[in-house]
There are 2 protein chains.
Amino acid sequence: MANEKQIVDALRKRGNKITPQRLLTIKVLMTLDQHHFSVEELFQAVKLQNTDVGMSTIYRTVQILEEMGFITKRNFDDGFARYELCERDEKHWHHHLICLKCGKVIEMQGDFLEALEKEIEEKKDFIIINHELKVYGYCSDCYAIMKGDKFD
Amino acid sequence: MANEKQIVDALRKRGNKITPQRLLTIKVLMTLDQHHFSVEELFQAVKLQNTDVGMSTIYRTVQILEEMGFITKRNFDDGFARYELCERDEKHWHHHLICLKCGKVIEMQGDFLEALEKEIEEKKDFIIINHELKVYGYCSDCYAIMKGDKFD
DNA sequence: GTGCATGCAAAACGTTTGCAAATCT
DNA sequence: AGATTTGCAAACGTTTTGCATGCAC
């Protein structure tokens, strides 16, 4: 996971400028308690510290950071794109358990797909860069509620 | 994978009506050569056989079929939602290899995640209903081209 | 006849873009 | 100085909705 200095340096190297809005966006980004943030959520968090920021600036910054590989886009089917900071070690993947009832997203560390990946690269002639595993089901809370109520 | 009769029966059981538009939509749906179809694509295919169909009717039918579990929504980040017919055997899952260069989606049959699922159910206290695995990388065609050109 | 389904047009939604003014380097 | 970035508002493309009419049961 990159730190502020690394991101700023990389931006400069790319020919981008370090404006107050952009710097603040990066700072806020790294301290969000919501790990899977939407642009709207980031926008609100940034605005708490500086009212003079436009939504489109946040969109544009997020876009740049994604191109640079510092954040990744995720889709949890809740209406908007979500992003998360990338791990430094690209092999240190994590997966998502998504509750079909309450929408909660639980992260699961660890890569369990090495054998499968090997098979894919051999049999399918496909160069693997990344992967994403989503597991849908019911979290223990919702399952407990459903066992109490009648299923629907 | 359900057949037309099963879907129609299930619709009736739900109290839905079998209108010509809906029936045609289902028929066309099952003969699409595009396995991962968007609503727009389905709409165009249906319109070839009956011009008197509105886009919103297709949207509404697709929504119902998804609620009923006959089709599943997929997101390949190409701007619109895509759907595919569900397998009858819910354990007969397949995965998607997505080329980062040309966007081609290759399907891969087989479930390789049984051990992982067992672990999740035990350690994370999570009831698994379904899962989705996307593998991003380069298909052999694009990889060949990239090896010829310079990488970018 | 009742209630769900339809087509249309308009609205809604998240996201992107054009622009003139402001800002970074 | 020159090029990038900004905020605003308008545009965008997909999807949803309100509504009066039509149709299946």
Side-chain angles (χ1 to χ4, degrees), chain A residues 7-29 34 36-47 49-68 71-83 103, chain B residues 4 7-29 34 36-47 49-68 71-83:
Chain A
I7 298 181
V8 168
D9 287 350
L11 278 168
R12 285 225 169 79
K13 202 164 288 177
R14 252 176 60 116
N16 286 106
K17 292 171 178 170
I18 312 303
T19 64
Q21 295 95 325
R22 205 167 262 175
L23 189 57
L24 178 58
T25 301
I26 293 167
K27 278 182 197 292
V28 169
L29 183 47
Q34 164 64 307
H36 303 286
F37 62 90
S38 67
V39 176
E40 174 70 32
E41 285 163 358
L42 177 56
F43 176 52
Q44 293 304 337
V46 169
K47 256 201 350 197
Q49 308 203 34
N50 179 359
T51 335
D52 286 351
V53 194
M55 185 76 155
S56 38
T57 299
I58 308 287
Y59 267 103
R60 286 187 269 232
T61 300
V62 162
Q63 212 166 278
I64 290 173
L65 293 178
E66 197 201 359
E67 280 170 23
M68 294 171 71
I71 59 179
T72 324
K73 194 190 276 190
R74 300 278 181 202
N75 183 301
F76 296 121
D77 253 329
D78 62 348
F80 18 67
R82 294 192 168 276
Y83 295 84
Chain B
E4 185 188 316
I7 297 180
V8 168
D9 287 349
L11 278 168
R12 285 224 170 80
K13 202 163 289 176
R14 253 176 61 117
N16 287 105
K17 293 171 179 172
I18 312 303
T19 64
Q21 294 95 326
R22 205 167 263 177
L23 189 57
L24 179 58
T25 302
I26 293 167
K27 277 181 198 292
V28 169
L29 183 48
Q34 164 64 307
H36 303 287
F37 62 90
S38 66
V39 175
E40 173 71 31
E41 284 163 1
L42 178 56
F43 175 54
Q44 294 303 336
V46 169
K47 259 208 338 204
Q49 309 202 32
N50 179 359
T51 333
D52 285 350
V53 195
M55 186 77 156
S56 38
T57 299
I58 309 286
Y59 267 104
R60 286 187 269 235
T61 299
V62 162
Q63 212 166 278
I64 289 172
L65 293 177
E66 197 201 359
E67 280 170 23
M68 295 171 71
I71 59 178
T72 324
K73 194 189 275 192
R74 299 279 179 202
N75 183 300
F76 296 121
D77 253 328
D78 62 348
F80 20 67
R82 293 190 169 275
Y83 295 85

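So that the names make sense, note that chain A is the first sequence line, chain B the second, and so on, each numbered from 1. Predicted model, so just to flag it, every value in this text is computed and none were measured. All values below were derived from every heavy atom in this structure, side-chain atoms included, with hydrogens, water molecules and symmetry-related copies excluded.
Atom CD of A/E67 is separated from atom CZ of A/R14 by 5.0 Å, given to the nearest 0.5 angstrom. Atom NE2 of B/H36 is separated from atom CD of B/E41 by 11.0 Å, given to the nearest 0.5 angstrom. Here CG of A/N16 is found 12.5 Å from CD1 of A/I7. Values are rounded to the nearest 0.5 Å. For the atom pair CD of B/Q63 and CG of B/L65, the computed distance is 10.5 Å after rounding to the nearest 0.5 Å.
A/R60 is linked by a side chain to side chain contact (heavy atoms under 4.5 Å, CB included) to A/S56, counting only residues two or more places apart in sequence or in another chain. In this structure A/K73 satisfies the side chain to side chain contact (heavy atoms under 4.5 Å, CB included) test together with A/E66, A/A81, A/Y83, B/D77, sequence neighbours excluded. Evaluation of the side chain to side chain contact (heavy atoms under 4.5 Å, CB included) rule for A/D78 yields A/F80, A/R82 as partners, not counting sequence neighbours. With sequence neighbours excluded, no residue forms a salt bridge (Lys or Arg N to Asp or Glu O under 4.0 Å) with B/E40.
The interatomic distance linking A/F43 (CZ) with D/dT6 (P) rounds to 13 Å, in whole Å. Between the CG atom of B/L11 and the P atom of C/dG3 there is a distance of 20 Å, given to the nearest Å. Between B/N75 atom CG and D/dT15 atom P the separation is 10 Å, expressed in whole Å. For the pair B/F37 CZ and D/dT15 P, the interatomic distance rounds to 12 Å; values are reported in whole Å. Counting to the nearest Å, the P atom of C/dC8 and the CD1 atom of B/I58 are 12 Å from each other. Straight-line distance from the CD atom of B/E41 to the P atom of D/dG13: 17 Å, rounded to whole Å. If you measure from atom CE of A/M55 to atom C1' of D/dA11, you get 16 Å, rounded to the nearest angstrom. Note: CZ (A/F80) to P (C/dA12) measures 17 Å, nearest angstrom.
Residue B/V28 forms a side chain to side chain contact (heavy atoms under 4.5 Å, CB included) with just one option from B/N50, B/L23, B/L42, and that option is B/L42.
Each of B/Q21 and A/A81 has a nearest nucleotide on DNA chain C; the 5'-most of these lies closest to B/Q21. Place B/S38 and A/R22 on DNA chain D by their nearest nucleotides, and A/R22 ends up nearer the 5' end.
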(message) Counting primed atoms plus P, OP1 and OP2 as sugar-phosphate and everything else as base, spell out the protein contacts along nucleotides 17-24 of chain D at 4.0 Å heavy-atom distance: B, S or - for each nucleotide, 5' to 3'.
(response) BB-----B

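Phosphate proximity of D/dT4 to A/N16: absent, as no side-chain N or O sits under 4.0 Å from OP1 or OP2.
Helix-axis bend for the helix from C/dG1-D/dC25 to C/dT25-D/dA1: the local axis fitted to the five terminal pairs at one end deviates from that at the other end by 40°, rounded to 10°.
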